[in-house]
Amino acid sequence: MKISCEEASSICDKSQYKEASFWDIFKLRIHLLYCKACKAYSKKNSELTSMCDRAGLNMLSKDDKDQMKRDLEKKL
Amino acid sequence: MAVNELHPENWVDLYADYLFNYAITRVSDAEIAKDLVQETFYAGLNSSKNYKGDAAERTWLISILKRKVIDHYRKINSKKGKAEVRMNYSSDSDAEGDWLEQQVADPFSRDGDNVMENEELGLAIQDCISKLPQKQALVFKLKTIQGMSTEDVCNELEINPSNLWVMIHRARTALMGCLNENWF
C-alpha cells in the first residue's frame with residue numbers, strides 16, 4: 001500500500017496524461033494524505049496541466065519542420 | 001559590440017514553435033501562420049547582414065514576424081469587398097425573433113481579457129519550454145501539445161517509457177519553476 005515519494009511523483013506525472021491506473025491513483029491519494037511535499041508537487045503539477053490546456057498551445061508537426069529546414073537550407 | 005550571432009541552421013528547431021504560436025494567435029489559421037513563419041525565416045536570411053547583434057536572435061525574428069503579420073492583413077484588406085460581412089436577418093427559421101446582435105455574437109467567444117491573458121500565457125509557456133534541453137522540450141511538446149501516446153513518442157524518438165517519464169518529470173519540474181518566476 002505504501003509508496004515512496006518517487007513513485008508518487010511518477011504516478012502524479014502519468015495521471016496528468018491520464019495514463020495512471022485506477023489502483024495507482026488510489027495509492028497516490030493515500031500517499032498525499034500524509035506527505036505534504038508530494039501534495040504540493042501534485043497541486044503544482046495539476047496547475048501546469050490546466051495552464052497548458054488554457055493556453056491552447058500549438059506546434060508544427062515534424063514533417064512541417066523538416067520541410068522548413070530543407071527549404072531554408074536551400075537558401076543558406 | 002556584437003554579442004549575438006545568427007545561426008540560421010538552428011532556427012527551425014529553436015524558434016519555429018514559438019513563432020508559430022505567436023503567429024497563430026494573430027491570424028487564427030494554422031496554414032497562414034505556418035507560411036508566415038516560413039517567410040519570416042526567409043526574410044531573416046535575406047537581411048541577416050542588417051542584424052547588429054544587439055537583440056537576441058528570437059527577439060529579432062519576432063520583430064520580422066510582426067511585420068509579416070501586418071503585411072498579411074494589409075494584403076487581405078486590399079482585396080476590397082471580401083472583408084465585408086453579409087448577414088441576412090432571420091434567414092434561418094429557428095433563429096426567428098433573435099436580434100441581429102445576438103446572431104453576430106460568437107457563442108464560443110470568451111471575454112476579451114481572457115483571450116488576451118491566454119495568449120500571453122501561451123507565449124510564457126513556450127518561452128519556458130524553449131529553455132529546456134532540446135530533447136526534453138520535444139518529449140514534453142509531443143506528449144502535452146500533440147497529445148501523442150507514450151508508445152508513439154517512444155517509437156519516434158527511440159527511447160523507452162521509463163526514459164520518457166524521467167524526461168517528462170524533469171521538464172514539468174523545470175516548467176513549474178520557470179512559470180513561477182515569470183507568470184505568477
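Below, chain A is the first sequence line, B the second, and so on; all start at residue 1.
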Taking the side chain as every heavy atom from C-beta outward, state whether B:Thr150 and A:Tyr17 have any atom pair closer than 4.5 Å. no
Worked verdict on A:Lys44 versus B:Asn180 for side chain to side chain contact (heavy atoms under 4.5 Å, CB included): CA-CA 10 Å; A:Lys44 286 250 157 214; B:Asn180 226 0; 3.3 Å; yes
Using the rule that two of Ile, Leu, Val, Met, Phe, Trp, Tyr join whenever any of their side-chain heavy atoms come within less than 4.5 Å, decide whether B:Tyr42 and B:Leu19 are in one cluster. yes
At their closest point, which heavy atom of A:Ala55 faces which heavy atom of B:Ile125, and how far apart are they? CB-CD1, 3.9 Å
For atom NZ of B:Lys131, decide whether the heavy atoms of other residues, nucleotides or ligands shown that lie under 6.0 angstrom number more than 12. yes
Toward chain B, the part of A:Glu19 with a non-hydrogen atom under 4.5 Å: side chain
Given the options A:Ser61, A:Cys52, A:Cys12, A:Ser10, which has more heavy-atom pairs under 4.5 Å with chain B than any of the others? A:Cys52
Do you reckon B:Ile70 sits in the same ILVMFWY cluster as B:Val37, going by side-chain contacts under 4.5 Å, direct or chained? no
B:Met176 to A:Leu48 - nearest heavy-atom pair and separation: CG-CD2, 4.3 Å
So how far is it from B:Leu121 CG to A:Arg54 CZ, rounded to the nearest 0.5 Å? 5.5 Å
Heavy-atom contact with chain B under 4.5 Å, split by part of A:Asp71: both
Do B:Ile62 and A:Leu72 belong together in a cluster built from hydrophobic side chains that touch within less than 4.5 Å? yes
Does atom NZ of A:Lys65 have more than 12 heavy-atom neighbours, drawn from other residues, nucleotides or ligands, at distances under 6.0 Å? yes
Between B:Asp17 and A:Leu60 (side chain of the first, backbone of the second, donor and acceptor by atom type, cut-off under 3.5 Å), is there such a pair? yes
Interchain contact, A:Asp64 with chain B, by part (heavy-atom threshold 4.5 Å): side chain
Check the surroundings of atom CZ in B:Arg58: do more than 12 heavy atoms from other residues, nucleotides or ligands lie under 6.0 Å from it? yes
If you take all heavy atoms of A:Leu57 and B:Gly122, which pair is closest and at what distance? CD2-O, 3.6 Å
So how far is it from B:Thr173 OG1 to A:Asp13 CG, rounded to the nearest 0.5 Å? 7.0 Å
At under 4.5 Å between heavy atoms, what parts of residues 24-35 of chain B are in contact with chain A? List them by residue number. B:Ile24, B:Lys34
Within residues 25-32 of chain A, the residues sitting under 4.5 Å from chain B by heavy atom, in sequence order, are none
Taking all non-hydrogen atoms of both residues into account, name the closest pair between A:Asn58 and B:Phe20 and its distance. CB-CE2, 3.7 Å
Hydrophobic cluster identity match, B:Val166 and B:Leu157, side-chain contacts under 4.5 Å: no
Examine whether an atom of B:Leu45 lies under 4.5 Å from a heavy atom of chain A, and if so say whether it belongs to the side chain, the backbone or both; otherwise answer neither. side chain
Measuring only between side-chain heavy atoms, which start at C-beta, is A:Thr49 closer than 4.5 Å to B:Arg172? yes
Can you tell me if OH on A:Tyr34 sees more than 12 non-hydrogen neighbours from other groups inside 6.0 Å? yes
Are B:Met167 and A:Ile11 in one and the same hydrophobic cluster, where Ile, Leu, Val, Met, Phe, Trp and Tyr link if side-chain heavy atoms are under 4.5 Å apart? no
With side chains defined as the heavy atoms from C-beta onward, is the minimum distance between A:Met59 and B:Asn21 less than 4.5 Å? no
A:Met68 to B:Val12 - nearest heavy-atom pair and separation: CB-CG2, 4.0 Å
Less than 4.5 Å apart, any side-chain heavy atom of A:Lys62 and any of B:Glu156? yes
Would you check if B:His169 and A:Ser9 make a side-chain contact, meaning some heavy-atom pair closer than 4.5 Å? yes
